[in-house]
Amino acid sequence: MTTIQRIIRAESSSEMVEEATVMPRRERFSISPLGEYYMDLLTVDAWINARTNSTQANSLLCAKLQERETRIKERVSYLARKRGIGADEMWVQILKGEANDLNPDEIVDPDGED
């Protein structure tokens, strides 16, 4: 179950019933340490934006991924064509950890020629 619902009831039946939805916790991951210069930049950028370093780093990473989204999708399409599958299927294989590198003899010719 991805959403846990709790109903908190007051002791008397005349009081309101409050329903709270708790979102599932997302898995955290860590990155390699930043060099001194980049850590200083992050610290200053976070301070200017009234955020913690962690929150600012999250924001910057999301912004960079949005910036690169079109290019990432183009690369997935290229890899899918090499395999003779659709880009959506390739995307799902990558997310599931099922995508593998190809050997040269496994490359599919899009024109059907050898």
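Index from 1, following the sequence.
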Are the side chain of [X] and the backbone of [Y] linked by a donor-acceptor contact shorter than 3.5 Å?
| X | Y | result |
| --- | --- | --- |
| N49 | D45 | yes |
| Q56 | N53 | no |
| T43 | M39 | yes |

If you draw a 6.0 Å radius around [atom1] in [X], do more than 12 non-hydrogen atoms from other residues or ligands fall strictly inside?
| X | atom1 | answer |
| --- | --- | --- |
| D101 | CG | no |
| R51 | CZ | yes |
| E36 | CD | no |

If you measure from [atom1] on [X] to [atom2] on [Y], what distance do you get to the nearest 0.5 Å?
| X | Y | atom1 | atom2 | result |
| --- | --- | --- | --- | --- |
| Q93 | D88 | CD | CG | 11.5 Å |
| L79 | I94 | CG | CD1 | 6.5 Å |
| L65 | I72 | CG | CD1 | 5.5 Å |

Mind checking whether [X] and [Y] sit in one hydrophobic cluster, side chains of I, L, V, M, F, W, Y counted as touching below 4.5 Å?
| X | Y | answer |
| --- | --- | --- |
| L34 | L41 | yes |
| L95 | V76 | yes |
| V44 | Y38 | no |
| I85 | W91 | yes |

Pairs flagged by side chain to side chain donor-acceptor pair (under 3.5 Å) wherever residues 71-87 is involved - sequence neighbours left out: E69-K73

